[in-house]
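Some notes on the structure that comes next.
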Amino acid sequence: MVFQDEIIKWYKDNKRDLPWRHTNDAYTIWLSEIILQQTRVDQGLPYFNRFLAHYPTVADFAAATEQQILKLWQGLGYYSRGRNMLFTAKIVMEMHNGIFPKRYDELIKLKGVGDYTAAAIASFSSNEAKAVVDGNVSRVLGRYFGVEKAINSSEGKKEVNALAQSLIEDQPASVYNQAIMEFGALHCKPKQPLCNVCSLQQSCYAFTHKKVAVLPLKEKKIKVKERRFNYFLCLDGDKILMRHRSPGDVWQHLYDLPLIETTGLESNEENSLQKQVSDLFGKNASYRLLDQIKHQLTHQIIYVQFFALDNYIVNFNKQAEIKWVSEEELKTLPMPKPISVFLKKYVE
DNA sequence: AAGCCGGGGAC
DNA sequence: GTCCCAGGCTT
């Protein structure tokens, strides 16, 4: 049996029952694919169910506000996905008559839809023969066919893409794409793949060349920056001071608390946290530590400290993005994970 | 081509 | 701790 037949056979015997596999509706598939970008199925599944319940059609989605979308997205990460979806939903309503595109050439034009997602929607919704290449597929092909270029280099990607596309040409596109991804996710895993029970063992380059542990090759890992966020809890009756985060940094367009970022290198009084607090909140302002946590992002480690602030003056000129928020409104604001966890613990 | 964008699970 | 997940956008 050829590679593709073995993959499809394996899939039929081992596939998970996932809700987006029961539909060929392009909108529903788009919803699932965007949510699953860089996101494990187990993590994305509850979000998919919630979004579909809130927004059964693209028209419902397009009618939502950015804040509603981001609030529902809260905790999932990569928040620009949610913003791009709203933009795209509106485009579909205005430019596609409310009918979600099914062809790759149309899908690829949509914001937030790249090569992978366009191929996924096109193949799953209408069997268009476009190969998906995600992390699973590049690993499976990299191992089985012995790709010696780094799969995250531009040459390596080109090679894997061409290989993937050549393999799908005469296949049932939807099932084959699902199958090779599922095979990568459950069987040909990054760590401890199930080679000993693999029907493709004898024709697998990596297995026969004892390179399973080193393929696929990847180049350079990103270096992680360290940052220090000092957040200040300011309460006034049932109101709390919140800040709308600007574009150009992590968690853009989400809400956090008044923030002073320090470098950790401040040695003199001029730069000390106390000095900066005085500058922002008046020289009578006092603060006491409530909590401290380490928050790990892909490329940043953020050491977060939370302080209660007293005897402060709020200067809205110095902090343009802050505003008083009622308990009721607070529930509707999308927040980064550490902020929502902190508020749940310290504010009732 | 390189950097940036989250959060969490598996090991 | 490390790796990486149904990637894409910006510079």
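Throughout, protein chains are lettered first and strands after them, A, B, ... in sequence-line order, and every chain is numbered starting at 1.
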Next on the checklist: Less than 3.5 Å apart, any donor N or O on the side chain of Thr262(A) or Asn230(A) sitting next to an acceptor on the other?
Outcome noted: yes

Would you mind classifying the nucleic acid contact of [X] as base, sugar-phosphate or nothing, using non-hydrogen atoms under 4.0 angstrom?
X: Gln300(A); result: sugar-phosphate
X: Lys111(A); result: sugar-phosphate
X: Asp42(A); result: nothing
X: Gly44(A); result: nothing
X: Ser80(A); result: nothing
X: Trp251(A); result: sugar-phosphate
X: Leu76(A); result: base

Out of [options], which nucleotide sits closest to the side chain of [X]?
X: Leu36(A); options: dG7(B), dC5(B), dA6(C); result: dA6(C)
X: Gln192(A); options: dG6(B), dC11(B), dA6(C); result: dC11(B)
X: Glu33(A); options: dA6(C), dG7(C), dC3(C); result: dA6(C)
X: Asn84(A); options: dC5(C), dG6(B), dC9(C); result: dC9(C)
X: Pro338(A); options: dC3(C), dG7(B), dG7(C); result: dG7(B)
X: Asp249(A); options: dG6(B), dC5(B), dG8(C); result: dC5(B)
X: Asn136(A); options: dA1(B), dA6(C), dC4(B); result: dA6(C)
X: Lys294(A); options: dA6(C), dG1(C), dG7(C); result: dG1(C)
X: Gln38(A); options: dG7(C), dA6(C), dG7(B); result: dG7(C)

Under the 3.5 angstrom rule, does the side chain of [X] hit a backbone N or O of [Y] as a donor-acceptor pair?
X: Lys71(A); Y: Leu333(A); answer: yes
X: Gln165(A); Y: Ala131(A); answer: yes
X: Glu6(A); Y: Leu200(A); answer: no

Checklist entry - Mind checking whether Phe61(A) and Trp30(A) have ring centres under 6.0 Å apart? => result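 Yes: the rings meet the under 6.0 Å criterion.
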
Checklist entry - Do Phe145(A) and Tyr205(A) have their ring centres less than 6.0 Å from each other? => result no

Next on the checklist: Check this for me: does any side-chain nitrogen of one of Glu148(A) and Lys211(A) sit under 4.0 Å from a carboxylate oxygen of the other?
Outcome noted: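 Yes, charged N to carboxylate O under 4.0 Å.
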
Checklist entry - Is it true that Lys102(A) and Glu128(A) make a salt bridge, defined as a side-chain N closer than 4.0 Å to a carboxylate O? => result no

Could you tell me whether the phosphate oxygens of [N], OP1 or OP2, come under 4.0 Å of any side-chain nitrogen or oxygen in [X]?
X: Trp73(A); N: dG6(B); answer: no
X: Lys337(A); N: dG8(B); answer: yes
X: His299(A); N: dG3(B); answer: no
X: Arg83(A); N: dC5(B); answer: no
X: Tyr79(A); N: dG7(B); answer: yes

Roughly, in whole Å, what's the span from [atom1] in [X] to [atom2] in [N]?
X: Gln252(A); N: dG6(B); atom1: CD; atom2: C1'; value: 12 Å
X: Gln74(A); N: dC5(B); atom1: CD; atom2: C1'; value: 17 Å
X: Arg139(A); N: dA10(B); atom1: CZ; atom2: C1'; value: 13 Å
X: Ile302(A); N: dC4(B); atom1: CD1; atom2: P; value: 13 Å
X: Asp256(A); N: dG6(B); atom1: CG; atom2: P; value: 12 Å
X: Lys191(A); N: dG1(C); atom1: NZ; atom2: C1'; value: 11 Å
X: Ile151(A); N: dG7(C); atom1: CD1; atom2: P; value: 11 Å
X: Gln37(A); N: dC5(B); atom1: CD; atom2: C1'; value: 12 Å

Checklist entry - DNA chain B: Glu219(A) or Gly77(A), which has the more 5' nearest nucleotide? => result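 Of the two residues, Glu219(A) wins.
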
Checklist outcome for this item: Heavy-atom nearest nucleotide on DNA chain B taken for Ser153(A) and for Leu254(A); more 5' hit belongs to Ser153(A)

Next on the checklist: Judged by each residue's nearest nucleotide on DNA chain C, which is more toward the 5′ side, Arg16(A) or Val113(A)?
Outcome noted: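 Comparing both residues, the 5'-ward one is Arg16(A).
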
Next on the checklist: On DNA chain C, compare the nucleotides closest to Gly114(A) and Arg40(A); which residue's is nearer the 5' end?
Outcome noted: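 Whichever sits nearer the 5' end wins; that is Arg40(A).
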
Distance between the [atom1] atoms of [N] and [M], in whole angstroms?
N: dG8(B); M: dC9(C); atom1: C1'; value: 23 Å
N: dG9(B); M: dG8(C); atom1: P; value: 23 Å
N: dG3(B); M: dA6(C); atom1: P; value: 25 Å
N: dG6(B); M: dT11(C); atom1: P; value: 15 Å

Next on the checklist: When you measure only distances, ignoring hydrogens and angles, does the side chain of Thr117(A) come within 3.5 Å of the base of dG7(C) through a donor and an acceptor?
Outcome noted: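 Answer is no: no donor-acceptor pair is held.
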
Next on the checklist: Is it the case that dG7(B) (base atoms only) and Gln43(A) (side chain only) share a donor and an acceptor within less than 3.5 Å, ignoring hydrogens and angles?
Outcome noted: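 Donor-acceptor pair under 3.5 Å: yes.
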
